[in-house]
Structures are given as C-alpha cells and as structure tokens.
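Contents: one structure, followed by commentary.
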Amino acid sequence: MTQQVLNAIFIGSIYALFAVGYTLVFGVLDVLNLAHSAVFMLGAVVTYSLVALHGMPFLPAAIIAILVCGLLGLLIEFVALRPLRRRNAPPISALISTIGLALIFVAIVEQATSGSLFSWLWQDGANSVRFPTGTVPNPTYHVAGLTIEGTKLGILIISVVLMLVLGYVIRFTQVGRALRAVAENRRAATLLGINVDRIFASTLFVSSALGGLAGLLFGLALSDISPYIGRDQVELKGLAVIVLGGMGSIPGAVLGGYLLGLIEVFAFVRFGSNIEAGVAFAALFLVLVLRPQGLFGARLRERL
Amino acid sequence: MDFFIQLFTDPVGFYNQHELLIAQIGINAILAISIFVTFYSGQLTLANAGFMAIGAYTTVIMSLYLPTPLPLNILVGALLAGAIGFLVGLPVLRLRGVFLAIATIGFVEALRLGVILNVPITGEGQGLKNPSADPLGGIVPILISVPIMTYLVWRLTHTRLGQAWAAIREDELAASSNGINVPVYKMVAFIISAVVAGYAGALETHINFFVDPTEYSVTRTIQILTFAVVGGTTNVIGPIVGAVFLTALPEIVRQFAAYRDVVNGVILILVIIFRPQGIVGRGGLAIIAPRWWTHWRTRERAAAAH
Amino acid sequence: MRTVARGIAIALALALTACGGASSTGTSTSNSYQGKTIQLGAILSLTGAGGVYGPSSQKGMDLAVEKINNSGGVNGAKIALDTKDDASDRPQSAQVAQTLIQQGQLLALLGPTLSNSAVAVHPLAESFKIPILAVSTTGIHIVPDCNYPKTDPCKYVFRDSLGEESAIPANIKVYSDAKHPKTGVLMVANDDKFSSDGGKIVQNTVAQYGIQLLDTVQFSKTTADFATPVTKAVQKHPDVIFITSLGGIPAKIMIEARKQGFTGQFLGGNGFNTAVVSKQAADSGKGAESGSAWYINNTFASNAGFVQAYRAKYSADPDQFAAQGYAAILILADAAKRANLTFSDTAGDRTKLRDAMESVNIDTPLGRFQFTSNHDVKQTIWVIQMDGNGGFTLVKSVTPS
C-alpha cells in the first residue's frame, strides 16, 4: 500500500509541474493555453532528439530543450495570442487559436519519419520510444520493503524545488508583483505603467519552459515519448488539477497535482482501474459544484 | 481542389460519392445547433459529447434488446439526454464562465470513464454494434432535420424566450433584476441543448454501425465548440457554417496528404485571428484588422482632413 | 538462334515471376488482360494513432504493385492502387470507403488499418458487394461475421492478417509445452477494443494449458504511470504476465515490471510483434514471446526476396504490416489472374474476383498462404521472442491443422 502511495506522489509531481504552467497562464493572463500539452510533448521530443539522434549528454540536452520550450511559449504568444489582443477579440478565440497551434505541433511530430522534412527532430512518426538505456543513472533503492527509483526521486525533488522557487519569485520579487498586478486587474496594471505585452511574453516563456521540463521528466521516468503524450496523458488531468487546486493559484496547482495523483491511485486500488479516471472527474465535478474556487482559489472569477 | 470542381460540375455524382461525408456534416451541424443554444444564453457548456453518448447508446441498446421501431428509439434517446441534462444542470448551472465549462467537461469524462466503460450493457470498452444501421438511407432524416431545427431555433431566438436568453448573455445580473427568472431560462437552454445533442448522437449511430466510448470524449465537444466559434455565434447560421466548413476541411485539404493536420491547424488559426467573431459574425464580411492598422488609417484620414 | 532462345528464356522467366513463383492451380499464363488495368483501392491510417501501422502497410503494398507491374503485370494487366488516408478516424474511414467504392472502377479494396474502422467499413463493402481484404486487423468478429451480432457470414470480406484468436493460443501452447507455467496475471486496457478482445482470448485459453489466471488487471490506455497497475500484477507473483495492448504500452509494462523485480515470462499478442516495441522494451523485453504472422529472418525465397527488395527500396527493415500488405497484393493478383475478368462488367468482375480469392494458395513473405472457409487466415504461425536489442528470434513455427 505504501508503495502505491509513493507511486501517487511521483505521478502527482508530474501533474503538479504541468499544472503550474497551466495555472500561471490562466491566473495571470486569463487564457486557457491549450497548446501547453503540445509543449509538454515537445520538451520530451526535443530532449530525446538531442540525446538519441545527436548524441548529446542528457543534462545539456535537457537545458536546451527547456529553453526551446520557453521560446515556443513566445511563439504561442506572438502567433496565437497577441494578434487576438490587438483585435479586441473575445477571450474564447484564444482557446481556439491555441488548439490550432497544438494541432500543428502534434501533426509535425507525428509525420516526422526518417527521410521526411523533420527527420532531424524526430524519426519515429506516431511511435512510442524511450531514452536509450543508461541515459541517466537510475539506481533503485530498496528501503523498508519499498522500491524507490532514483529518477523518480530526483523528479520529486526537482519539482518541489522549482515550485518553491516559483512561489518565491511570485511573492517577493518585482516581476512577481507585476504578474500579480496584471492578474488582479489588467487595465489598472497598464495604468500603473506595467507593460502588459511584456508580462504576457514572460509568463508564457516561463510557463512553457515548465511544461517542457515536465514533459522531458515524464519521458525519462515513464519510458514513454511519443507525439501523443501531452494530449492523452496530461491535458485533461492538468485541467482537473487546476480546478481542484483553484484556478490561478500556484500552491493550489501543486497540491491539486498531488491530490489527483492520490485520488487516482486510491481509486485504482479500491475499485480497479477503469473507475480511476472516472473517479477523478467525478471529484472534479463535485469540487466545482461545492466549492467552485477550488481548494485555494481566493475569489470566484467569472470569465467566458 | 478536385473536391470543389466535382461539387460544381457534377453535383449528383458528388452527392453519391460523398454521402457519408454529407451525412456527417449534417450531424455536426445539428451538434453545432445544440451548442449554439447554450452559447446564445451566455453559457459555455461543453457537455454535448456526453449527451450525444446518452442518445447514441440508448438508441442502440433499445434496438438491440427491444422490438421498438427506430424513430421511437431515437426519440427516447433524445429525451433521456434531456432528462439527464436536467439532473446535471441542477447543480452545475449556477457556475459561470470557465468553471461551468470545466464542470461540464467533468461530467462528460465521468460519464465516459466511470459509467460507459463499466456497465456491461454498453459493451464497455468494446462498444456496441448497431445491426440496424443504414449508412446510405440514414442520411435522409439528417437532411430533413437540419433545416427544420435551424428554423425552429431561429424562431426561438425571436421569441420572449430568446430575448430573455440574449439579456442573460449580455448581463446576467441586470437581467435578473429586471424580473427574468435566470435559473429557469438557463436550464431550459441547457435541456434543449441536451435533447438536440442526444438526437444528433442517435442519428449518428444510425449511419455508423457502431457506438464506442472514444467517440464521446471531450475532444469531440471541443471540436463542436470550434464549429461554433469559427462559424460565429451571433445567430444560428454561424455554427452551421462552422460545422460545414470544418467537417469538409479534411476532405478539401486531402491533397496535402501527410501534412493535412498542419494545414488544418494553420487554417484554424488564420480564421480565428482574422475573423475572431466567426465567419458569420458581426462586422459583415470584413476581415478584422489589428488596432495599429485602424489607428494609422484614422490618423491618415485626420491628417488628410486638415 | 541464340537471341531467340534467350528471348524465350526471358519470356518464360517473366511469365514465372508474374505468377509470383507460386504453385498455381492450372492458371493460364496468357496475356489475356493485355492493356487493361486492375484498379484497387486501399484505405489506410497514414496519420493519427494508426499512423504507426498504415505507412508500413502502404510500403509493402506499393512494393508488391511495383514488382508485379515490372514483371509483366497480371496476365499483362497493370495494377493501379489508389491509397487514401483515413486519419485513424472511423467516420472518415467510412466516408473514404464510400467515395472510393462509388467512383465505380475498383475491383477490390484493402484495409482499413484499425479494427475500429473495419467495423464501419467492412459492412459497407459487403453491402456494395465489393471484395475487401483486411491487412492489419487481427481482432475478433472481423471475418466472417462482419455484421456481428448478426451471424450471417459476410461473403466479400477477407483478411490476410493473422487473427489474435489463432496467434494467442498458439503462443500460449508453445510456451506451456516448454516451460509448464502454473499461474498468470492478465493485464488489459479496457478502453481499447483490440486489447479487450485479446484479453478475452487469453481468459478463454489459459485453462486448457493448466495455467490459473490469478487476476485480470485492467487499466486505461491513457495511463501515464504504469507503476500502479503493474504493482498489482507483480504482487501476485505469477509465472506469466499476459499483455494484450498495442502501441507503447507493452514496453512500458515490461520495463516497469522488471523494475519491480518481476522475473517471470511475458506473453503477448500482436502488440509485441514490431521492432519498435522490441527496441522500446530493450533488455526488459528480452525473452518476451508472441505469435506472429511473419518473421524477418525466414530464409525461404518468398520472404528473402521480399526483405531484400524492401531494404533496397526503403533503406529500412520491413515489419509485419509491410509483409501483410505485400502479401495482400500478391493474393489479389493471383486471384485476378484466375478470375477470367471481363473489365467491362465491374459488378460481375468483383464477384468473380471474390470467388477466385477463396481458392488462393500461394507463397508469400508470411509463408504458404490460404484462406479458410471463413475467409480467415490459414498460415504457419511463427512464435517469436524479443532479443533485448530491438530484434527477434524464432522460437518455433506452428503449422495450421
């Protein structure tokens, strides 16, 4: 049973890391960035590409991949979001344009086979691959009858550290204050001289970098890299997490992630698998009905 | 391109060869109508795929186990979807905005993963085969339903009910303080939307031989949402145009073979950026220019006027 | 004189290659179809989730078409293959099929790639009385009951893709005879028809080999971390873990199980049979066994020639799907040769082609191939084992009864 709790904590870290990026953009910018799951996938794909196709060692490859994902965040801002802001478009259009971008990203990877246009990036088409064995040392510790894997432990530590850092930045730095101002009231923030465009760009950069990191850690620990990992594994669950934790709340996203991990594992153990995801969504539904602001959301925001 | 050429030069042949596509366009148009109704009343509900599933499964299960005629099965499916819509709506409709959207997503996924996949009569993960399906004949009820429903909904938007919806959409608080019973009207919209979606789901199984849970995921509802947003939500024609355009799009861009989805995504982005109000939205047929363009033009004109 | 002799020798050689080097049942090698075209259509998943299999099938088919056309065609007729992508989407698959059929010229169809799409497309082909040959669908209720739950057999639906109903039991038997396992756990994705079909087959088969199924662990095919379901399986300490899923799932389960200390055997279905999976599983998959329709290192001529030509044309190794696609074209070509096609009465030709298909008996990369009376596959089953390095070795071959 404790082994299952460990499993839950681990998968919770991944959900949390993914959700933090999601909630950052939603909380600050009021945009549900549905291209986030595609960036998650690209984090894994780019790292894999550098390691397996171009022979780079893991650490520099990961760092480059994270930066690339941050740049993709900028791409999302410039291609999908800014033009809509310039046209005073209704907020829902941002949803659609990010869907369009996600479609493009996934399609490019899916069609990249050896000999095609994008074969420098990915050669396995729609297939699922893993990092070559030995990419990262992965000792297994057996402690008190439990099996603890090195990589999973590392991921847990990285996630927690990152989230603490992010929390610090948001709360105690100038940039963080500007972010919170924009989140509170965009127009007032403009009047105060905050450059909203720049906030959008930097938020998207950070959020996408985090998403990419979550993706590459996912691919590493779960031996699964494919064009669909964002869409199938985390997209909807990320949404469930930010609702459970409270939209726009970073500590909420973190705790929501772990909560979802625990709910899933316990539902699996208690009821057997198929119910597990259904339970997660039923929980989501209940939370929304009983406490719409989630566990930590401060106020109820009304956005279409 | 040959898609269009055939459409205009050989419409009968085009129809014969693309019947299933046309039928699917019809179904998607009905689904677009279902999401239009809730949109029009200011609600972003994404439960349509779930109601489709209810309509679809009910119809197929009835035709498998009961000797009832098909139209009755479809009717029961649609009405059951409406009934469940009522039950779901009760707790959910006091939410607003994205919260409502996510709650309805939660409903759809909980239905699919929790219920459909675990109740043996639905065939669980394997789905159900619909032995009485008729892919070519099934297009007839669809082609008849689309214009009738369009007309009905259009009329509806011009009644008191429709005006109440518009008022709620504009400003819920103001509408309520003007004596409009907001929760009731919202519920009515939600139920109508559920019935229409259930009806579409039932019709779809009739052309498809098969009903399976993967068809009714959130992806489906987001697809329907895209029809509405891309088509425009100010009047009922908008989502239908969106449905026609986006369902036919994969066929139109078929020549791009492998990179079809990339082209799909690009077109989606372009349409939403240059026509954020939708293809059939306000502003007639104009392409929306960015602010800097209009400012520049205004300044130009102002300069010229001096 | 010499040139005439050489000319005759070449013509004979061409005629023999046009027969596919098969023992034929009294076919004529006349060029009675000279100048005509045999039109075939293929509906494959080239994009989307099925895009893992579709392109391989297409490559195999294209290779066969090219080879046949370059060596005299089918009694002199060329094969024209029109391949359309269904994006792994069932409604699109049906739409594409309908369009292809009603364009009116096709003699036969191939595909679709996924079982889910086949459920919609096969009945359509049956209602239009056009022969359709499935090249990658291995689930149940494909043939002969394409209209399941109706039991009347579909007369125009065939498949050359070895069904799980044959492959899984053969695999279990071979392993049982060798190692006599006592207990097993089945891991199955319950939201995937292919996986649940395979799971049912396992459940129905294990008892007759003395294996007790301790548990059936169900999971969603979108499960991210398999640690949880695998823990449930491993904690029962079975001799065997059965895995009937597709895609990246078998490898992930095997990797996770080994991490958790499982030292027993993995037995699977079609999901094990591609090099991609073997590579993804790496050393965790070493020794995992499955029943396959094809084995790359088979040395008989009809396979060796295929593998060589495929490598030459595509600079990559073929896989099972390519082999089945290639075989499908050989089957159709052989049937066409014997069918006395008129090329003027499409409906009649389709029925004649269907009749000729029923008596096909040729050598293909899969081995000697025939159809059963249910239009299902009758061929040797190659039980293979992952070698831990992205490849396979042959354990045993099981000939059909």
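Predicted model only: the values in this text are computed from it and were never measured. Lettering of chains follows the sequences in order, A, B, ..., and the numbering in each one begins at 1.
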Closest non-hydrogen atom pair between [X] and [Y], with its separation:
{"X": "Leu222(A)", "Y": "Lys252(C)", "result": "O-CE, 3.3 Å"}
{"X": "Gly248(C)", "Y": "Ser128(A)", "result": "CA-CB, 3.6 Å"}
{"X": "Phe268(A)", "Y": "Gln218(C)", "result": "CE1-O, 3.4 Å"}
{"X": "Gly48(C)", "Y": "Ala126(A)", "result": "O-CB, 4.0 Å"}
{"X": "Thr47(C)", "Y": "Gln111(A)", "result": "CG2-NE2, 3.0 Å"}
{"X": "Lys152(A)", "Y": "Ala227(C)", "result": "NZ-CB, 3.7 Å"}

Is [X] in contact with chain C via its backbone, its side chain, both, or neither, using a 4.5 Å heavy-atom distance?
{"X": "Phe10(A)", "result": "side chain"}
{"X": "Ala221(A)", "result": "backbone"}
{"X": "Ser223(A)", "result": "both"}

Which bit of [X] is near chain A, if near means a heavy-atom gap under 4.5 Å: side chain, backbone, both or neither?
{"X": "Lys259(C)", "answer": "both"}
{"X": "Leu46(C)", "answer": "backbone"}
{"X": "Ala251(C)", "answer": "neither"}

Asp225(C) versus Glu264(A): any side-chain heavy-atom pair under 4.5 Å?
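No. Closest side-chain heavy atoms not under 4.5 Å.
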Give the member of Ser284(C), Ala282(C), Pro229(C) that has the highest number of heavy-atom pairs under 4.5 Å with chain A.
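Most heavy-atom pairs under 4.5 Å with chain A: Pro229(C).
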More than 12 heavy atoms of other residues, nucleotides or ligands under 6.0 Å from NZ of Lys279(C): is that the case?
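No.
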Whether over 12 other heavy atoms sit under 6.0 Å from Gln203(C) CD:
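For Gln203(C), atom CD is crowded (more than 12 foreign heavy atoms under 6.0 Å).
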How long is the gap from CZ on Phe226(C) to CD1 on Ile11(A), to the nearest 0.5 Å?
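So the CZ of Phe226(C) and the CD1 of Ile11(A) are separated by 10.5 Å.
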